[in-house]
Structure formats: structure tokens, C-alpha cells
*Asks:* 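Attaching a single structure in C-alpha cells format; questions to follow.
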Protein chains: 2
Amino acid sequence: MSHSRIPEATVARLPVYLRALNSLLDAKISSCSSEELAASAGVNSAKLRKDLSYLGSYGTRGVGYDVEYLRYQISREIGLTQDWPVVIVGIGNLGHALANYSGFTSRGFRTVALLDADSNRHGELVAGLKIRGFNELSAIVHEHGVAIGVIATPAAAAQSVCDRMIEAGIRSVLNFAPTVLSVPDGVDVRKVDLSSELQILAYHEQRKAGLAAAEGTEESA
Amino acid sequence: MSHSRIPEATVARLPVYLRALNSLLDAKISSCSSEELAASAGVNSAKLRKDLSYLGSYGTRGVGYDVEYLRYQISREIGLTQDWPVVIVGIGNLGHALANYSGFTSRGFRTVALLDADSNRHGELVAGLKIRGFNELSAIVHEHGVAIGVIATPAAAAQSVCDRMIEAGIRSVLNFAPTVLSVPDGVDVRKVDLSSELQILAYHEQRKAGLAAAEGTEESA
DNA sequence: CTCAGTTTGTTCCCGCGTTCACAAACTCTT
DNA sequence: AAGAGTTTGTGAACGCGGGAACAAACTGAG
């Protein structure tokens, strides 16, 4: 069986494998073992093999994987053999950075429009695109067949922007605003939460410091 | 038992609860049930209660939670009652955005330095801070007691920057560069991977499209 | 004081994900 | 051609996290 259903945890790692394979290709390496690829991707080799086995049997026992072939198969599985048009809403500091971020525009994704509520900024050029009004969203989505929307607005505006996106036909949302978005079934939301990440680090850091301080105390009583 | 050990999945949700509580406080709501708070945080109420139970018994049966009190307890558990100095390395588009991002500087975190390898940019003011040279890292870390570093450099420089951070005494790293970082034991790394998130969305989007197309076909044979 | 109503804290069970360990399959030498 | 050496793909065991369901504990009315 090939691609009947891939576990979510595996899907989340496929982009990492893909990146590792691209690095190997850049280094002119045409073949590799699961051990090498796993090291390059920062995971256990057994996990890597199991992940790849969900896609199919693309390796050769006793030999390893053909880098170019495997790269193509993962790309195809993720859906990067086609081009995904993307709209970014909210061109503040973060939206500006995203529009210019190369990893965002290259490799299967193409930013087709930048939208902002602030009409003073309309027409301004960012990353080769003119900032347009939010009311053009629906037309742009239909014209380019946009399925993925990126929200980089302040938290207060995020839910409303999200609703309008879904209304316009977008079914996948990447949310950078620090808010929980509620969406109907069939719509995917992924969030990138910068301050949460910092807080999680702080928790562990505090715990490390606490343990270090308790090192001398050991047992009480 | 209070804070002996909190599951990782719970730790990752605490910042979300904290944000929800802050919203409630802004709305002058001083008390809430697990059901309400869970809805506000976008999780199951049973999960919320179990998460909070790892911190201690801060609610009152038959009544609910005191918003202000619970907010303080979570803040304390995460470690936000103290101030965490942070350095950001790599002041390109993304680093610039991070330096200006309010969620980054407020709420327990304080950006104390912006570093960049490009000496042409040294002295430039970003978010009220002068961009400084990367060789000042160690001095800054010692002066301010920095424990958390943010990497917003290109992928090629990330590992080297990470190594120097750890050498300077940093033990928690937030990595925005699209690379796997290898670090010694005792150092925490969290990554924010923008293009991976997009690719995961693309995978699900493609799958939705595939299912919709197969809707007419149904069974083969 | 007692009883009905409410909401938390916790126990139990199930399913997913990770890892180990090994069989299957390939290459290469002799 | 046969056997030794590799490396993949997978079956099985294990542990963690999620959710339902319930007991414990509090409020308030009579």
C-alpha cells in the first residue's frame, strides 16, 4: 500500500527530510543510507525508515536511497510538484518579512498578493508586489485559485480576516497572530506562535535553574 | 503534589491559557469555569482541567477559577514573574520584524541586544536598539545574564551562530533558520519553521482536492 | 442541618507515536 | 553459485497524551 493515509506526525517531518535531501543534492551526493539521512534530519533512523515506508518502498535493501528519486517522491507526496498560490494579509513588520522570505516564495509556493487594511499603504511595493486592499481578497482568490492564506495581522483583526478568507474560498490558513482561530470543519489552521515558543523555553530554563539551585540542598528532612 | 513534573504537551499549552486569561482580565471578568476558559483557549475542558491539575489545585469546586489568581500561578510556573533578557542574532527582514514585535519584547521578555555579522549595519537603530557586532555576544551575555538566544540568520550561518551562543553561556535557543541545529545535552532548541508549516498545509490541501476528485469515482473494480 | 445543584480534580481506558529487533532483500567477493 | 555483509521495511512492545466519566467538594435554598 502506498499513500492511503500518512500519520500526522510523519507529515510534519516530511519537509525536514526534503530539506535534508536538497542539501545532499547540493553536495552532489546521489545516494545515502537511512542512517545518514536521519542524522542530517536530526531524527532516529528507525523513525525515518518507518516514516518513508508510509509513502512506499522507495529504498533498496543493502544499498540505501537514491537521493534524487526520494526527493521527487516526497515532493510529489506533499504536493510540491504543483504551484501553490498564497496571499498574505497584514503587511506590518512580520508580513513584510514573510513577503521577502525566500523559503516562502520559492519551492512550490508563490505569493500572488499582499493585502492590508491600511489604505495609506496601498500601492506600496513590497517584494515586487503592490500592497492591495483587503476588499480585493475574493477576486484574487478566484482569479488565481488561491487555497492557502497567511494571516500576519494584529490579534484583534485575525478572526475577522480568517472568516473573510474562508468566505472567499480559502481552506488552509497559516496564522501568525497570537489568537485562537475558530473555523468550520474542512478548514485547516496551523499557527506559528512566537511568544508561546519563548515562554516554553523560559519554563525549561527556569526549571534548569531550579534544579541547579537544588543541587546543594538535595533531600529535605 | 504541585510542580514535580509537567508533561511537555501541557507546558506547550500554558502560554495559550495565559493569553486567554489575559483576555478575560481585559474584559473585566474576574472568575470563570473550566468550560469557558477551555472554549476561549480552543481546547477540551477535560484537557484544560487536567493540565491545570499538574500545577496544583487552584480552582474551587462548584465555583470555577479566579482569573487573576490563576493567571499569576501560570505566570509563575512558566517563569514570567522574572525578566528574561534575550539577544537576537541576524537582523535581516525577519530579525527586524522580531525586534519590533510587541509580543516578543513585552510580557517577561526584554530584548537586550541585536547582533549582525554585517559590519555595514552596525550602529543602525532598530526598535530603539543599536545593531552591534557578533563578537560582542559573549560580553553581552555575561553582562545581562542572557539565557535565551534567537537565531534569525540565513541557514548557512545558523549552526555556527548557535555554537558561539552556547559557548557564551546561552542554554535555550529559538531557531528561525531552516536548518537542524545540533546542540549538547542540557541545551534546549525550539524551531519555528515557516516553510515546513506551509508544506504541511499543502499536503492536506492536496489530499482534500484528491478526495473531492475521487468523490465521483468511489470504488474501483 | 440537609439536600439539590454545580464544577473541579482524578481515574480509567483507548489510540497514536516511538523504538527495538529481526526478517527480507540486495551487493560483492571468492 | 554460494555465502558473508549491508541495509531496508515491518511486526511487536511500550509509553505518552486525550477524552469520557465519576467521585469529591463547594454553594445556596429551605
Side-chain angles (χ1 to χ4, degrees), chain A residues 1-17 20-21 24 29-71 73-74 77 180 200 203-204, chain B residues 1-17 20-21 24 29-71 73-74 77 180 200 203-204:
Chain A
M1 292 298 116
S2 54
H3 54 298
S4 46
R5 190 142 169 190
I6 300 178
E8 197 51 39
T10 296
V11 171
R13 282 187 294 268
L14 291 181
V16 179
Y17 301 154
L21 289 168
L24 291 177
I29 298 171
S30 62
S31 170
C32 71
S33 68
S34 65
E35 203 73 45
E36 296 169 294
L37 185 53
S40 179
V43 300
N44 187 299
S45 71
K47 196 191 299 194
L48 171 75
R49 289 199 299 278
K50 177 155 283 200
D51 282 342
L52 294 183
S53 77
Y54 289 118
L55 313 188
S57 287
Y58 296 136
T60 308
R61 300 180 192 215
V63 179
Y65 299 93
D66 182 88
V67 176
E68 171 62 37
Y69 181 58
L70 184 57
R71 193 192 69 87
Q73 292 298 341
I74 294 180
E77 193 71 41
V180 176
I200 295 166
Y203 169 79
H204 290 296
Chain B
M1 293 296 116
S2 55
H3 55 300
S4 47
R5 199 157 162 170
I6 299 178
E8 199 49 40
T10 295
V11 172
R13 280 188 294 268
L14 291 182
V16 179
Y17 301 154
L21 288 169
L24 291 178
I29 297 171
S30 62
S31 170
C32 71
S33 68
S34 67
E35 203 73 45
E36 296 169 293
L37 185 53
S40 178
V43 301
N44 186 298
S45 70
K47 196 191 301 192
L48 170 74
R49 288 199 300 275
K50 183 180 281 195
D51 283 343
L52 295 184
S53 77
Y54 290 117
L55 312 189
S57 288
Y58 296 136
T60 308
R61 302 182 192 211
V63 178
Y65 299 93
D66 181 89
V67 176
E68 172 61 40
Y69 182 57
L70 184 57
R71 193 192 70 87
Q73 292 299 342
I74 294 181
E77 193 71 41
V180 176
I200 294 166
Y203 168 81
H204 290 296

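Quick note on labels: first sequence line is chain A, next is B, and so on, each numbered from 1.
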*Asks:* Between B:Asn44 (CG) and D:dA21 (C1'), how many Å, whole number?
*Replies:*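 In whole Å, D:dA21 C1' lies 12 Å from B:Asn44 CG.
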*Asks:* Check side-chain hydrogen bond (donor to acceptor under 3.5 Å, both in side chains) between B:Ser40 and all other residues, then give those that pass, not counting sequence neighbours.
*Replies:*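 So B:Ser40 forms no side-chain hydrogen bond (donor to acceptor under 3.5 Å, both in side chains) with any residue.
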*Asks:* Decide yes or no on side chain to side chain contact (heavy atoms under 4.5 Å, CB included) for B:Lys47 and B:Thr10, but give the supporting numbers first.
*Replies:* CA-CA 9 Å; B:Lys47 196 191 301 192; B:Thr10 295; over 6 Å; no
*Asks:* Any salt bridge (Lys or Arg N to Asp or Glu O under 4.0 Å) pairs touching residues 54-65 of chain B, not counting sequence neighbours?
*Replies:*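 Counting only pairs at least two positions apart or across chains, no salt bridge (Lys or Arg N to Asp or Glu O under 4.0 Å) contact touches residues 54-65 of chain B.
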*Asks:* Which letters describe nucleotides 8-15 of chain D, given B = protein heavy atom under 4.0 Å from base, S = only from sugar-phosphate, - = neither?
*Replies:* BBBBB---
*Asks:* Which nucleotide of DNA chain C is the first, and which the last, in the 5' to 3' direction, to come under 4.0 Å of a heavy atom belonging to chain A?
*Replies:*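 Contact boundaries, 5' end first: C:dG17 to C:dT27.
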*Asks:* Indicate yes or no: at least one non-hydrogen side-chain atom of A:Val43 is less than 4.5 angstrom from one of A:Tyr17.
*Replies:*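 Sidechains of A:Tyr17 and A:Val43: in contact.
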*Asks:* Quick one: salt bridge (charged side-chain N to carboxylate O under 4.0 Å, His left out) partners of B:Arg13, sequence neighbours excluded?
*Replies:*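 B:Arg13 satisfies salt bridge (charged side-chain N to carboxylate O under 4.0 Å, His left out) with B:Asp51 only.
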*Asks:* Closer than 3.5 angstrom, by distance alone: can the side chain of B:Thr60 be matched with the main-chain N or O of B:Val63 as a donor-acceptor pair?
*Replies:*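 Pair absent, no side-chain N/O of B:Thr60 close to backbone of B:Val63.
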*Asks:* Which residues satisfy the salt bridge (charged side-chain N to carboxylate O under 4.0 Å, His left out) test with A:Glu68, sequence neighbours excluded?
*Replies:*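 A:Glu68 satisfies salt bridge (charged side-chain N to carboxylate O under 4.0 Å, His left out) with A:Arg71 once adjacent residues are dropped.
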*Asks:* Is there a side-chain contact between A:Tyr65 and A:Ser31, using heavy atoms and a 4.5 Å cut-off?
*Replies:*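 No - every pair of side-chain heavy atoms lies 4.5 Å or more apart.
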